[in-house]
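The structure under discussion appears below in the form of structure tokens.
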Amino acid sequence: MENEYREIRLQKAARLRELGVDPYALRTPERQPCAALVKAFEANNPEGTTEPKPVPGATAGRVLSLRMMGKKVAFLDVWDESGKIQFYINQKEVSPQEWEVFTNLDLGDWLWGKGDVTRTKTGEITLFVKTLKLLTKSLAVPPLEKSGGLQEKELRYRKRYADLLADPERRKTFATRSRVIFEIRKFLDGRGFMEVETPVLHAIAGGGTARPFVTHHNTLDQDLYLRIALELPLKRLLVGGFEKVYEIGRNFRNEGVDATHNPEFTMLELYQAYTDYYGMMELMESMLVHLLKTIRGADTDLSKVEWDGQVLNFTPPFRRVSYGELFKECTGIDMNDEAAVRAKAASLDIPKTFGHWKLVDELFDRFVQGKLDNPTFLTDYPTAICPLAKKKVENPQVAERFEIFCKGMELGNAFSELNDPVDQLARFEEQVKKGKVEKDEEVPKEVDYDYVEALEYGMPPAGGIGIGIDRIVMLMTNQHSIRDILLFPHMRKEE
RNA sequence: CCGCCCGUAGCUCAGUCGGUAGAGCAGCAGACUUUUAAUCUGUGGGUCGAAGGUUCGAUUCCUUCCGGGCGGACCA
């Protein structure tokens, strides 16, 4: 905060105040986007025009370059969200007070100008300023493209505003993120889904397995958890009679932070009555294709989608392979062979307190998950690790659940939703009991009896899916780190 | 949590085999009335991430800590 630049700029602001100029203008005079002025000129001066026909106009933006020619003339690059336009300012063309404003201008300041748009001798479309107004004085030096922009990742994440203002490309990534979410809503709207909002504060951290954040409500004197999943409230809505619901919202998990994990992240969860996990596979495929075509472009070749240097095939139908089959393929062990699984786990640093199916899941994560590059539906998980999914009729040992993986990353997780309240209660009780024995902090500590009671009123057969929006955005923007698609990724406190 | 790497001016980066530091941009002063990363001349700017140790002397070597990056472990 303390530096020579700040002092000089504060002095300039004080000087302007003496002249009766507010360095933080209350209002902006009428204006058009920078790019609109350029366009208007081009429209009036088609290709081949010899004598330029000036177009009057006014615009505003941030000054990011200033070139003086002598004491009385200057060229400025002015940027707004739409792009850039050059200002030409000549002492003879503006009032003495305006010239004074100009001489106290710094890089980073926001400036409004009005005049005629025409071409300079060198061909640059330029606003020849007749009237100008300082909109905002900046006290900090903006990172400048010609001096290398903002490179240090820590600075880019902590001071995202500086990162964004320094580089229009970075702004584009976040604009794309916004469009991805817009297109998801559009896609779901087209299928008749209703968007809902459910509580972030939960009395029981259910609907998934993850360590939750704990907080406390003072007047109720009650501990609360930040939600780790959206699942249970949404399925209560199916009981209530809504048939297609979804929520796009923030989840919180008190776990690791790395290139693909942020403590808070955005999930889409949707539930649809009268379908099952096969319906969810179709929906997932269609949604990904819709997003690739609308975000990456209508001419995108689905069989050659590049992501972080890898070429992936998104042509539906995606590969479908069962959990047990792939487990066998990658570990050489039958997942039902308890002795072999335990022996394998013992050779690694996996807690001995874990039961058989927890061990299977641990081995799976280590040996299988990272190998799946092309989008793959991994189906029929062991029932023991799927307390919210229906069992397969022909083999109750496995459940109608799939996870879709891509580049070793889980993109989505779906079930044929369990709606038998008696079975659900038994599975919850088993899960809580096991969690205590295994000292597994990711498992809910108590049974959500209210949810079981909701099922007693009858939930229609349904398919449901949860999709990690951040990872979808990474895929669509071809980014490698979650920090580059979150505006404000979580950072440790400084000092 | 483990391994490797990084932290020097507002920004991007050099550098010091141990003798308290440089460049470009930015700033300030000056020259130039159509520039395009404008050019030219002059000039100010640093507790070299923090603390401790070794040393006559540490920004440099060592230790610890803080923050970050990449990879691994764990989780979505």
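Chain letters run A, B, ... following the sequence lines, proteins first, then strands; residues in each count from 1. Because only heavy atoms are used, hydrogens play no part in the values below, and waters and symmetry mates are left out as well, while side chains stay in.
The A:Thr126 side chain lies nearest to B:U35 when the options are B:G71, B:U35, B:G69. In this structure, of B:U12, B:G69, B:U33, it is B:U12 that holds the atom nearest to the side chain of A:Leu155. The side chain of A:Asp106 sits closest to B:C28 out of B:G67, B:G69, B:C28. Distances from the side chain of A:Lys146 to the nucleotides B:G68, B:A26, B:A73 place B:A26 closest. The side chain of A:Tyr88 lies closest to B:U33 when the candidates are B:G68, B:A38, B:U33. The side chain of A:Glu124 lies closest to B:U35, out of B:U35, B:U12, B:G10. Side-chain proximity of A:Thr120 to B:U34, B:C11, B:C13: nearest is B:U34. Residue A:Leu144 has its side chain nearest to B:C25 when only B:U33, B:C13, B:C25 are considered. Taking every side-chain heavy atom of A:Glu4 into account, B:G45 is the closest of B:C25, B:G45, B:U12. Of the candidates B:C70, B:A26, B:U35, the closest approach to any side-chain atom of A:Arg483 belongs to B:C70.
Considering only side-chain N and O atoms, A:Lys72 lies nowhere under 4.0 angstrom from the phosphate OP1 or OP2 of B:U35. Close to B:A73, at under 4.0 Å from its OP1 or OP2, lies no side-chain N or O of A:His261. Regarding contacts with the backbone of B:G27, every side-chain N or O of A:Arg6 stays at 4.0 angstrom or more from both OP1 and OP2. Residue A:Arg67 has no polar side-chain atom (N or O) positioned under 4.0 Å from OP1 or OP2 of B:U39. The phosphate of B:A38 has OP1 or OP2 within less than 4.0 Å of a side-chain N or O from A:Ser65.
No contact: A:Phe87 has no heavy atom under 4.0 Å from any strand. Residue A:Arg211 is classed as having no contact, given no heavy-atom separation below 4.0 Å to the nucleic acid.
When each of A:Asn254, A:Leu224, A:Ile228 is tested with A:Pro212 by the rule side chain to side chain contact (heavy atoms under 4.5 Å, CB included), just one qualifies, namely A:Ile228.
Comparing the P positions of B:G3 and B:U63 gives a spacing of 13 Å, expressed to the nearest Å. Spacing of P atoms, B:A50 relative to B:U60, comes out at 10 Å, to the nearest Å.
Where A:Gly70 and A:Leu105 each meet RNA chain B at their nearest nucleotide, the meeting point lying more 5' is that of A:Leu105.
With rounding to the nearest 0.5 angstrom, the CG atom of A:Leu312 is 5.5 Å from the CG atom of A:Asn374.
Under the Watson-Crick or G-U wobble criterion, with both distances below 3.5 Å, B:C65 is paired with B:G49.
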